[in-house]
There are 2 protein chains.
Amino acid sequence: MATSRTPRIDPLTLEVVELIGTVVTRYYDEYEQAAGKHTLTGAQARVLGLLSIEPMPMRRIAQKLKCEPSNVTGIVDRLEARGLVERRPDPADRRVKLAAPTELGARTARELRDGLDDFAREPLGELSRDERVALRDLLRRMLGAG
Amino acid sequence: MATSRTPRIDPLTLEVVELIGTVVTRYYDEYEQAAGKHTLTGAQARVLGLLSIEPMPMRRIAQKLKCEPSNVTGIVDRLEARGLVERRPDPADRRVKLAAPTELGARTARELRDGLDDFAREPLGELSRDERVALRDLLRRMLGAG
DNA sequence: TATTGTTATACTCTATAACTATA
DNA sequence: TATAGTTATAGAGTATAACAATA
């Protein structure tokens, strides 16, 4: 009997998917490595990065991380224990705790962000300015306007 | 005092880095989601995917995953407990155990791989064939010959 | 009643160190 | 003696369920 299978994707698309997979691995590894240089885990670095843009309630961090709110408690606990983050009361709603980076946390987040420049320099450094424009436009289209 | 700072990257490169970050997040989420549909963790899905290409010693799995060999024991244990993977002796070296997918494991890996096609269809589906060729060439150059 | 954050629990992944059986 | 795989241990992230304080 002929089983109804998902049509195989063409070789071109397959190669692009594989290339993207390589980029994903490389990006992820560099991120973890940059975090590790500050003795931070990936999750901690992500939360610190989020808060450095804008302080936010614990609940919202969980939404951003796509994880359960109960997990955020521990991650912020560890960041707070290291003096990188602090919990502030929300004047508007006393149930809410706003997590915000300390001075040290803000500095660490900045250094972490600079670490990502390594990624920008290395693989992206292979491309000329025109090529980067082309890549930007393709990625923009791919991810849909936004 | 003028602090010697890492030179800031230009806006264009920054945007490309951010776009790649978005792709990375999306790719990762889809991978975890595809794994979850088979009640597999990301690590388990990655190992199963590796072995479906080629059976290999435990040690080599650890190298591929960039983790300690001791971790692989547990991951393969769980895959084996579910009948997706089996450990075979290596005729050439009795210290070595070759991990290989079972029939069920091979089928699961295939379905998992098809799940990645979702990624190929969605964001990549936005691009025409010519655009995909352009993206492929840019990624190839970026990742260096490859 | 509903919501925010937390605690308690259990599972997985991770690294480190010590062990075993081979080589 | 060196290597492959394992075990033991501890820390971190994750989900689920139940709880206190507040809305």
Side-chain angles (χ1 to χ4, degrees), chain A residues 25 28-29 31-51 55-82 84-100, chain B residues 25 28-29 31-51 54-82 84-100 112:
Chain A
T25 302
Y28 229 81
D29 287 352
Y31 193 90
E32 296 285 323
Q33 194 181 320
K37 279 179 189 159
H38 295 271
T39 340
L40 291 170
T41 66
Q44 289 165 11
R46 268 185 292 278
V47 168
L48 190 55
L50 272 179
L51 300 183
M56 60 181 77
M58 308 293 284
R59 208 93 189 168
R60 188 124 159 273
I61 298 175
Q63 290 166 348
K64 291 279 190 181
L65 258 60
K66 290 195 229 286
C67 75
E68 293 301 314
S70 58
N71 301 327
V72 179
T73 299
I75 298 172
V76 169
D77 277 353
R78 279 159 224 130
L79 288 171
E80 197 167 34
R82 289 184 49 183
L84 297 169
V85 157
E86 61 183 12
R87 277 179 247 233
R88 302 177 189 157
D90 182 340
D93 187 337
R94 287 194 300 172
R95 291 173 303 179
V96 172
K97 289 176 192 171
L98 294 170
Chain B
T25 301
Y28 230 80
D29 287 351
Y31 193 89
E32 295 287 323
Q33 195 182 319
K37 279 180 189 159
H38 294 272
T39 339
L40 292 170
T41 66
Q44 287 165 10
R46 268 186 292 280
V47 169
L48 190 55
L50 273 179
L51 300 181
E54 178 193 20
M56 60 181 76
M58 307 293 283
R59 208 95 190 168
R60 187 124 161 274
I61 299 175
Q63 290 166 349
K64 291 280 191 181
L65 258 61
K66 291 197 227 288
C67 75
E68 294 300 315
S70 58
N71 302 326
V72 179
T73 299
I75 299 172
V76 170
D77 277 354
R78 280 159 223 129
L79 288 171
E80 195 167 34
R82 289 183 49 182
L84 297 169
V85 157
E86 63 183 10
R87 277 181 247 234
R88 301 176 189 157
D90 181 340
D93 186 337
R94 286 196 299 172
R95 292 173 304 180
V96 173
K97 290 176 190 170
L98 294 170
L112 215 47

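Throughout, protein chains are lettered first and strands after them, A, B, ... in sequence-line order, and every chain is numbered starting at 1.
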A.B. asks: Would you mind reading off the distance between D93(A) atom CG and dG5(C) atom C1', rounded to a whole angstrom?
C.D. replies: 11 Å

A.B. asks: Examine the base of dT16(D) for any acceptor or donor lying under 3.5 Å from a partner atom in the side chain of S70(A), and report the outcome as yes or no.
C.D. replies: yes

A.B. asks: Can you check the E32(B) CD to dC13(C) C1' distance for me, whole Å?
C.D. replies: 11 Å

A.B. asks: What I want to find out is whether R60(B) reaches E54(B) closely enough, with some N-O distance under 4.0 Å, to be called a salt bridge.
C.D. replies: yes

A.B. asks: Can you tell me which residue among L79(B), L40(B), L84(B) is in a side-chain contact (heavy atoms from CB on, under 4.5 Å) with V47(B)?
C.D. replies: L79(B)

A.B. asks: Does the base of dT3(C) carry an N or O that pairs as donor and acceptor with the side chain of R95(A) under 3.5 Å?
C.D. replies: yes

A.B. asks: Provide, to the nearest angstrom, the distance between the CG atom belonging to D77(A) and the P atom belonging to dG11(D).
C.D. replies: 15 Å

A.B. asks: Could you report the tightest heavy-atom contact between V96(A) and P57(A), atom names first, then the distance?
C.D. replies: CG1-CB, 3.7 Å

A.B. asks: Find which nucleotide of DNA chain D each of M56(B) and L65(A) is nearest to by heavy atoms, and output the residue with the more 5' nucleotide.
C.D. replies: M56(B)

A.B. asks: Is the phosphate of dT6(D), meaning OP1 or OP2, less than 4.0 Å from a side-chain N or O of K97(B)?
C.D. replies: yes

A.B. asks: Which nucleotide in the set dT4(C), dT14(C), dT22(D) lies at the smallest distance from any side-chain heavy atom of V96(A)?
C.D. replies: dT4(C)

A.B. asks: Which of these nucleotides, dA15(C), dA23(C), dC13(C), is closest to any side-chain atom of R78(B)?
C.D. replies: dC13(C)

A.B. asks: Kindly say if R94(A) contacts the phosphate of dT4(C), meaning a side-chain N or O under 4.0 Å from OP1 or OP2.
C.D. replies: no

A.B. asks: N71(B) has an atom CG; how far is it from atom P of dA10(D), in whole Å?
C.D. replies: 16 Å

A.B. asks: Quick one: on DNA chain D, does A92(A) or K66(A) contact a more 5' nucleotide (nearest heavy atom)?
C.D. replies: K66(A)

A.B. asks: Where the side chain of P57(A) is defined as all heavy atoms beyond and including C-beta, which of dT12(C), dG5(C), dT6(D) is the nearest nucleotide?
C.D. replies: dG5(C)

A.B. asks: Looking at every strand, decide which applies to R87(B) at a 4.0 Å heavy-atom threshold: base, sugar-phosphate, or nothing.
C.D. replies: sugar-phosphate

A.B. asks: Over how many whole Å does the gap from R59(A) atom CZ to dA23(D) atom P extend?
C.D. replies: 15 Å

A.B. asks: Name the nucleic acid region contacted by T73(B), choosing base, sugar-phosphate or nothing; use a 4.0 angstrom heavy-atom cut-off, strictly under.
C.D. replies: base

